**Student:** 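Just passing along the structure, written as structure tokens.
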2 protein chains.
Amino acid sequence: MMKRHYPTLAEVAKVAGVSLMTASRAINNRPGVSPEKREDILRIADEMGYVANRAAQKLTGARTRIIGVVAELHTPFTSDLLLGMGAVARAADYEMLVYSLPVCDRRPPHSIIEMLRQIADGVIVILPYESDYLESMATAHIPVVTIEQGIESAFPSVTADNYQGGCAALRHLIELGHRRIAFISGNDRLTSARDRRRAYRDVLAQARLPYDPALEVDGDFLRKSGFEAAQKLLALDDRPTAIFAANDTSAYGAIAAIREAGLSVPGDISVVGFDDIPIASQLHPQLTTIRQPLQQMARASVNLLLALIAGLDAPSEQIVLPTQLIVRESTTPLKVKRKKEEAVKVERASVGR
Amino acid sequence: MMKRHYPTLAEVAKVAGVSLMTASRAINNRPGVSPEKREDILRIADEMGYVANRAAQKLTGARTRIIGVVAELHTPFTSDLLLGMGAVARAADYEMLVYSLPVCDRRPPHSIIEMLRQIADGVIVILPYESDYLESMATAHIPVVTIEQGIESAFPSVTADNYQGGCAALRHLIELGHRRIAFISGNDRLTSARDRRRAYRDVLAQARLPYDPALEVDGDFLRKSGFEAAQKLLALDDRPTAIFAANDTSAYGAIAAIREAGLSVPGDISVVGFDDIPIASQLHPQLTTIRQPLQQMARASVNLLLALIAGLDAPSEQIVLPTQLIVRESTTPLKVKRKKEEAVKVERASVGR
DNA sequence: CAGCCGAACGTTAGCGCTAACGTTCTGTCG
DNA sequence: CGACAGAACGTTAGCGCTAACGTTCGGCTG
């Protein structure tokens with residue numbers, strides 16, 4: 001590790017034969033330098049391998065062109081969001097630094113925002129599913145944008161339209177002819193889960209279908225809960241012909257239970273998930289699901305933050321982005337199966353008792 | 001966004017009625033302050049919500065207690081590694097900031113290391129699978145540790161023992177009685193892929209089993225390549241009874257192909273993967289695989305970096321951590337199936353032609 | 001009791017940079 | 001041709017902090 005000294009702006013200026021301030025102006029592309037001199041300075045800086053010291057820049061109150069992101073890395077879409085955000089940020093000549101929230105730690109997150117505040121020009125917080133540190137961010141006088149996956153915040157924010165997605169999922173099943181449609185819920189402490197449940201009930205009502213509480217089973221977004229919920233549903237006398245699971249993971253749990261019971265998806269039961277996780281298009285059956293607009297969320301959040309940094313004091317904006325129904329193999333029209341379905345049911349009933 | 005001003009050390013000192021330097025000493029837990037005064041200052045700093053300005057600290061050449069990590073977020077185990085590293089760092093009272101490498105971008109990565117250098121006390125680089133920017137890091141005079149997933153570096157580094165893992169996988173199959181064992185390779189530009197292939201050949205030789213080039217199919221770690229490779233293997237006159245896939249993703253691809261051909265795993269063909277990706281214990285069949293020592297890698301890399309930061313000029317250390325065979329459902333002893341296997345083969349042969 | 005030593009402080013300089021002023025010099029217009 | 005504007009620079013101060021020195025003072029030694 002050789003202790004070579006990185007050149008400072010003063011050294012660049014000296015070599016270029018100008019004052020420190022002229023060099024600063026040239027490098028930051030500010031007026032007050034003649035074109036020839038500017039080019040000269042830029043060339044010399046480049047040759048010397050000059051890199052601006054962001055710590056010093058930030059200390060003087062200037063922009064560092066860094067945005068900070070606070071996120072829980074283990075949460076499903078986080079890496080996709082981060083990749084998208086990084087690309088958008090870089091396109092705007094910003095760099096992005098990520099602070100990875102510990103999984104379960106109650107240390108004051110105040111200091112984390114503080115730390116980023118000292119480095120970055122603004123912060124995007126991808127709100128974890130469960131968090132109690134929103135208030136502590138309120139004092140940070142640095143632009144903050146939140147991406148909400150489950151919790152509402154008072155900051156300018158970006159969210160996926162879970163309600164609309166849930167409606168689309170259910171309408172899809174209804175259009176396929178299904179009438180007995182079950183719902184495996186998510187963790188209702190999260191707005192996303194509540195919105196999806198609300199969509200289930202609302203669309204049922206709109207379609208004038210009866211609401212059967214037995215068809216609405218509680219889950220928690222995990223595979224196991226989907227598995228167990230489906231077992232409960234299969235044990236019903238009049239079991240559903242379709243299931244809307246609050247997310248893909250629990251949908252696959254439900255599918256596993258259905259198969260274990262000797263039934264097929266979508267042959268016997270259609271299943272819709274939510275999220276469009278990457279393997280949803282690879283596993284068998286490829287899952288019909290609702291795609292989260294991750295790229296748009298990434299783009300919108302970064303652009304919103306950059307606008308705030310630029311001083312456009314946008315009123316506390318709440319951006320809600322549309323989700324999209326992706327039809328794959330796990331759903332199929334009901335009608336053609338009706339008779340076979342009935343036959344199987346009778347058969348099983350007689351065998352069972 | 002109220003423009004409340006965060007207290008500086010000078011303000012804390014003023015309120016405490018001491019000089020700025022005494023306050024600094026107290027807060028940084030350095031000698032030269034009487035116990036009573038120290039406690040006083042700490043209390044007041046806490047009350048005022050003082051947070052040290054890392055930019056200013058770094059500017060004076062002091063430690064910031066931040067470690068930087070450069071990683072490609074979309075690469076398989078990155079989030080697990082990062083979570084582990086974050087936990088270890090926090091335990092040592094360090095914070096961690098992650099720079100997410102763009103997927104494919106040829107911008108000089110020099111400036112990224114530079115940026116982190118100005119903020120952090122040391123940097124861990126999780127080497128992406130394909131990269132040409134190792135040299136540009138060489139000039140950074142800041143401790144650097146690499147985690148190698150595919151490329152060798154000249155820095156102190158931490159790696160998983162791919163060769164040993166490959167050996168374990170193959171020995172497992174041989175112990176189960178398999179003799180015709182195929183290999184679906186990874187991308188050979190990566191040392192990890194080469195090491196696994198080398199293990200395949202070496203163990204075959206050690207076991208005095210014949211090496212059949214037809215059983216060694218090229219892949220690229222992706223699901224599709226596993227699928228296609230397995231199709232080739234199934235088309236062989238004398239098809240293998242076991243497959244060692246260079247990673248779990250391609251292993252599941254192979255399993256999909258085997259099933260599509262009407263065969264079962266492990267009934268007809270045993271499959272071993274490599275990596276132990278999270279879903280390997282959830283999908284059907286649960287995959288026998290080689291677990292990467294991610295937690296140990298995280299721990300080792302952070303500890304190594306902290307040692308370097310502490311000035312223990314450890315000689316360019318290369319830490320290789322052992323992998324672990326995880327036996328699940330996708331492998332089974334050959335012998336009991338021998339006759340049935342033969343029967344099936346004859347049957348298929350006669351039907352086929 | 002002079003001399004000295006070390007603990008407990010305070011003061012100064014400077015890290016690398018930028019904002020906010022000076023300063024110089026050229027052109028330009030009444 | 002003086003006054004004045006404005007472009008092209010240079011100088012100064014200071015961001016918040018710490019290293020490296022001063023300074024003070026109680027206590028100990030011979």
Side-chain angles (χ1 to χ4, degrees), chain A residues 3 5-42 45 48-66 111 114-115 117-121 141-142 311, chain B residues 3 5-42 45 48-66 111 114-115 117-121 141-142 311:
Chain A
K3 287 284 168 200
H5 166 84
Y6 274 85
T8 71
L9 188 56
E11 288 165 19
V12 173
K14 203 162 150 196
V15 173
V18 297
S19 82
L20 189 141
M21 206 51 219
T22 304
S24 170
R25 277 189 269 257
I27 282 168
N28 291 308
N29 205 24
R30 266 184 241 282
V33 192
S34 66
E36 316 86 56
K37 214 152 226 171
R38 181 184 301 272
E39 204 172 318
D40 232 44
I41 294 167
L42 287 176
M48 294 177 69
Y50 172 76
V51 180
N53 186 323
R54 314 244 186 176
Q57 283 181 321
K58 192 66 187 178
L59 202 52
T60 65
R63 298 275 149 77
T64 55
R65 301 197 80 81
I66 294 176
S111 59
E114 273 319 293
M115 183 185 73
R117 195 180 67 84
Q118 294 161 2
I119 294 167
D121 295 342
H141 54 272
I142 177 178
Chain B
K3 287 283 167 198
H5 166 82
Y6 275 85
T8 71
L9 187 56
E11 288 166 18
V12 173
K14 203 161 148 197
V15 172
V18 296
S19 82
L20 188 140
M21 207 51 219
T22 303
S24 169
R25 278 188 269 257
I27 282 168
N28 290 308
N29 205 24
R30 265 184 243 282
V33 192
S34 66
E36 315 86 57
K37 215 152 227 172
R38 180 184 303 271
E39 203 171 320
D40 232 43
I41 294 167
L42 286 177
M48 294 177 71
Y50 172 75
V51 181
N53 186 323
R54 315 246 184 175
Q57 282 181 321
K58 192 67 187 176
L59 202 52
T60 64
R63 299 275 147 76
T64 55
R65 301 198 80 82
I66 294 175
S111 58
E114 272 321 292
M115 184 184 74
R117 195 180 67 83
Q118 295 161 1
I119 293 168
D121 295 342
H141 55 270
I142 178 178

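On a predicted model such as this, the values are computed, not experimentally measured, just so you know. Residue numbering restarts at 1 for every chain, and letters A, B, ... go by the order of the sequence lines.
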**Student:** Once you build an axis from the first five pairs and another from the last five of the helix from C:dC1-D:dG30 to C:dG30-D:dC1, how far apart in angle are they, to 10 degrees?
**Tutor:**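 For the helix from C:dC1-D:dG30 to C:dG30-D:dC1, the axes at opposite ends meet at about 50°.
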**Student:** If you find the nucleotide of DNA chain C closest to B:Leu59 and the one closest to A:Asn28, which residue's nucleotide is nearer the 5' end?
**Tutor:** B:Leu59
**Student:** List the atom pairs, donor and acceptor, that lie under 3.5 Å between side-chain atoms in residues 14-22 of chain A and the rest of the protein, sequence neighbours left out.
**Tutor:**
{"unit_1": "A:Ser19", "atom_1": "OG", "unit_2": "A:Met21", "atom_2": "N", "d": "3.4"}
{"unit_1": "A:Ser19", "atom_1": "OG", "unit_2": "A:Thr22", "atom_2": "N", "d": "3.3"}
{"unit_1": "A:Ser19", "atom_1": "OG", "unit_2": "A:Thr22", "atom_2": "OG1", "d": "3.1"}

**Student:** Should B:Tyr50 be listed as having a side-chain N or O under 4.0 Å from OP1 or OP2 of D:dC17?
**Tutor:** yes
**Student:** For residues 48-57 of chain A, tabulate all N or O donor-acceptor pairs below 3.5 Å that involve a side-chain atom, not counting sequence neighbours.
**Tutor:**
{"unit_1": "A:Asn53", "atom_1": "OD1", "unit_2": "A:Ala55", "atom_2": "N", "d": "2.9"}
{"unit_1": "A:Asn53", "atom_1": "OD1", "unit_2": "A:Ala56", "atom_2": "N", "d": "3.1"}
{"unit_1": "A:Arg54", "atom_1": "NH1", "unit_2": "A:Thr64", "atom_2": "O", "d": "2.5"}

**Student:** Identify each atom pair where a protein N or O and an N or O of nucleotides 5-7 of chain D are less than 3.5 Å apart, giving names and distance.
**Tutor:**
none

**Student:** Can you name the residues that form a salt bridge (Lys or Arg N to Asp or Glu O under 4.0 Å) with B:Arg65, not counting sequence neighbours?
**Tutor:** B:Asp93
**Student:** Just by protein heavy atoms under 4.0 Å, how would nucleotides 22-27 of chain D read 5' to 3' in B, S and -?
**Tutor:** ------
**Student:** Just jot down the side chain to side chain donor-acceptor pair (under 3.5 Å) partners of A:Thr60, sequence neighbours excluded, or say none.
**Tutor:** none
**Student:** Report, one pair per line, the protein and nucleotides 10-13 of chain D atoms (nitrogen or oxygen only) whose separation is under 3.5 Å.
**Tutor:**
{"unit_1": "D:dG10", "atom_1": "OP1", "unit_2": "A:Ser19", "atom_2": "N", "d": "3.4"}
{"unit_1": "D:dG10", "atom_1": "OP2", "unit_2": "A:Ser19", "atom_2": "N", "d": "2.6"}
{"unit_1": "D:dG10", "atom_1": "OP2", "unit_2": "A:Ser19", "atom_2": "OG", "d": "2.7"}
{"unit_1": "D:dG10", "atom_1": "OP2", "unit_2": "A:Thr22", "atom_2": "OG1", "d": "2.6"}
{"unit_1": "D:dG10", "atom_1": "N7", "unit_2": "A:Arg25", "atom_2": "NH2", "d": "3.0"}
{"unit_1": "D:dG10", "atom_1": "O6", "unit_2": "A:Arg25", "atom_2": "NH1", "d": "3.4"}
{"unit_1": "D:dG10", "atom_1": "O6", "unit_2": "A:Arg25", "atom_2": "NH2", "d": "3.0"}

**Student:** Does a side-chain N or O from B:Gln57 land closer than 4.0 Å to OP1 or OP2 of D:dT18, or not?
**Tutor:** yes
**Student:** By the salt bridge (charged side-chain N to carboxylate O under 4.0 Å, His left out) test, which pairs, at least two apart or in different chains, include something from residues 29-42 of chain A?
**Tutor:** A:Asp40-A:Arg43
**Student:** Can you tell me how far P of C:dC17 sits from CD1 of B:Ile119, to the nearest Å?
**Tutor:** 14 Å
**Student:** Under 4.0 Å between a side-chain N or O of A:Thr60 and OP1 or OP2 of D:dG14?
**Tutor:**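 For A:Thr60, the contact criterion (side-chain N or O under 4.0 Å from OP1 or OP2 of D:dG14) is not met.
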